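One structure is given here, and the rest of the page talks about it.
Scope of the values below: all heavy atoms of this structure, side chains included, with no hydrogens, waters or symmetry mates. Note that the coordinates shown come from a computational prediction; the quantities given were computed from them, not determined experimentally.
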Amino acid sequence: MKQMIDKKDDRSYIDTMSKREAKKEHLLDSGLEIMKIHGYNGTSVKDIVDAAGVPKGSFYNYFDSKEDFAVEAIESAARDSFATAELHLLRSNATAHERLHSFFSANVNRVCDDGFQVGCFLGNMGQEMSDSCELIRQSVQRTLANITGLIARALQEAKSNGELEATQDPQALAEFLFNAWEGALLRMKTEKSRAPLENFLGMLPRVLKS
């Protein structure tokens, strides 16, 4: 009898935790969309809970502060960004050049769909908060470094297959490409145009042949 009660209690605990995680995820997703547009300083806790449709007190059931929320929001966005990068950059049925073009092209379409408002959320947070919040700076830096690492991996394969000049340093080239991409995103937001991104894509084959 005791064993049956314990099992029932275990199920109840799991159900409670599942509901709690679902509510936290909803709050995180809703607030993340607001923070993507308005940035950290332009987003209040009230903005986050209003977007989620929950009382303000609910926020503090899941997050200690807005800073704590921002770090988790960055980690959530980072997981999505890394999964997308893996999808394109680790494909086994395409050349390294094709994978890189696929990765950046997919991102061009994604960032232009929101009216040129967001660009790179992670890059935006890094620019806004690196001088004022070390936790956010470290989280953004780690994520961007991980994505750069995937690009470097594809470039290393290109070098091994003779698609890239033997004198090229895959890691240095990956850093250059990703930095150029982040710069193109900034210009896109400033100009409210996809032209800087199309220019980046147009230059990509030339850079990879050098």
message: Quick check on the hydrophobic clustering: are F82 and L100 connected, directly or via other members, by side-chain heavy-atom contacts under 4.5 Å?
response: yes
- line: CG (D47) and OG (S30) are apart, to the nearest 0.5 Å, by 12.5 Å
task: Please report the closest heavy-atom contact between E157 and R99, naming both atoms and the distance.
output: OE1-NH2, 2.8 Å
query: Can you tell me how far CZ of F103 sits from CG of L90, rounded to the nearest 0.5 angstrom?
result: 11.0 Å
task: Flag the pair R142 / E75 as yes when at least one side-chain heavy-atom distance between them is below 4.5 Å, and no otherwise.
output: yes
statement: So NZ of K23 and CG of N61: to nearest 0.5 Å the spacing works out to 9.0 Å
task: Apply side chain to side chain contact (heavy atoms under 4.5 Å, CB included) to S130 and V140, showing your working.
output: CA-CA 9 Å; S130 287; V140 170; 5.8 Å; no
- prompt: Within a strict 4.5 Å, meaning less than it, do heavy atoms of the L208 and L155 side chains meet?
  reply: yes
task: Answer yes or no: is there an ion pair linking E86 with R153, defined by an N-O contact shorter than 4.0 Å?
output: no
- prompt: Would one find more than 12 heavy atoms of other residues, nucleotides or ligands at under 6.0 Å from atom OH of Y60?
  reply: yes
- request: Spell out, as yes or no, whether a donor-acceptor pair under 3.5 Å connects the side chain of K189 to the backbone of F116.
  value: no
- prompt: Parallel, tilted or perpendicular for F104 and F200, by the 30°/60° rule?
  reply: perpendicular
field: pair M35-F121: side-chain heavy atoms closer than 4.5 Å
entry: yes
- prompt: With no hydrogens and no angle check, is any side-chain donor or acceptor of S102 less than 3.5 Å from a backbone partner on E98?
  reply: no
From NZ (K46) to OG1 (T43), nearest 0.5 Å: 13.0 Å
message: Are L201 and V108 packed together at the side-chain level, in the sense that at least one heavy-atom pair is separated by less than 4.5 angstrom?
response: yes
field: Steps toward side chain to side chain contact (heavy atoms under 4.5 Å, CB included) verdict (Y62, L28)
entry: CA-CA 9 Å; Y62 304 101; L28 192 60; over 6 Å; no
Any donor-acceptor N/O pair, T190 side chain to L186 backbone, under 3.5 Å: yes
- prompt: Is V45 reachable from M129 through a run of hydrophobic residues whose side-chain heavy atoms are each under 4.5 Å from the next?
  reply: yes
query: Taking all atoms of both residues into account, what is the closest heavy-atom pair of P55 and V49, and its distance?
result: O-CG1, 3.9 Å
query: How long is the span from the SG atom in C120 to the CD atom in Q127, to the nearest 0.5 Å?
result: 9.0 Å
- request: Let me see the working for N179 and T148 under side chain to side chain contact (heavy atoms under 4.5 Å, CB included), right down to the final yes or no.
  value: CA-CA 9 Å; N179 290 343; T148 304; over 6 Å; no
- request: Assess the side chains of D68 and S65: does a donor N or O sit below 3.5 Å from an acceptor N or O?
  value: no
- request: Say whether I34 and Y40 are linked into one hydrophobic cluster, either directly or through other cluster members, by side-chain heavy-atom distances under 4.5 angstrom.
  value: no
- request: Measure the CD-CG distance between E165 and D169 for me, rounded to the nearest 0.5 Å.
  value: 14.0 Å
message: Between S58 and L27, does the side chain to side chain contact (heavy atoms under 4.5 Å, CB included) criterion hold? Intermediate values first, please.
response: CA-CA 9 Å; S58 297; L27 189 58; 5.5 Å; no
S81 side chain reached by L122 side chain, heavy atoms, under 4.5 Å: yes
query: Any side-chain heavy atom of V207 within less than 4.5 Å of one from L173?
result: yes
Test item: H97 and P205 side chains (from C-beta on) under 4.5 Å apart, heavy atoms: no
field: N124 (side chain) donor-acceptor with V118 (main chain) under 3.5 angstrom
entry: yes
- prompt: Are the charged groups of E72 and K24 less than 4.0 angstrom apart, N to O?
  reply: yes
- prompt: Any side-chain heavy atom of Q141 sitting closer than 4.5 Å to one from Q138?
  reply: no
- prompt: Shared ILVMFWY cluster between I151 and L87, side chains joined below 4.5 angstrom?
  reply: no
- request: Establish whether M203 and F178 are linked, either directly or via other cluster members, by ILVMFWY side-chain heavy-atom contacts under 4.5 Å.
  value: no
field: Mutual orientation of the aromatic rings belonging to F69 and F59 [parallel < 30°, tilted 30-60°, perpendicular > 60°]
entry: tilted
message: For N41, is there any backbone N or O sitting under 3.5 Å from a side-chain donor or acceptor partner on E128?
response: yes
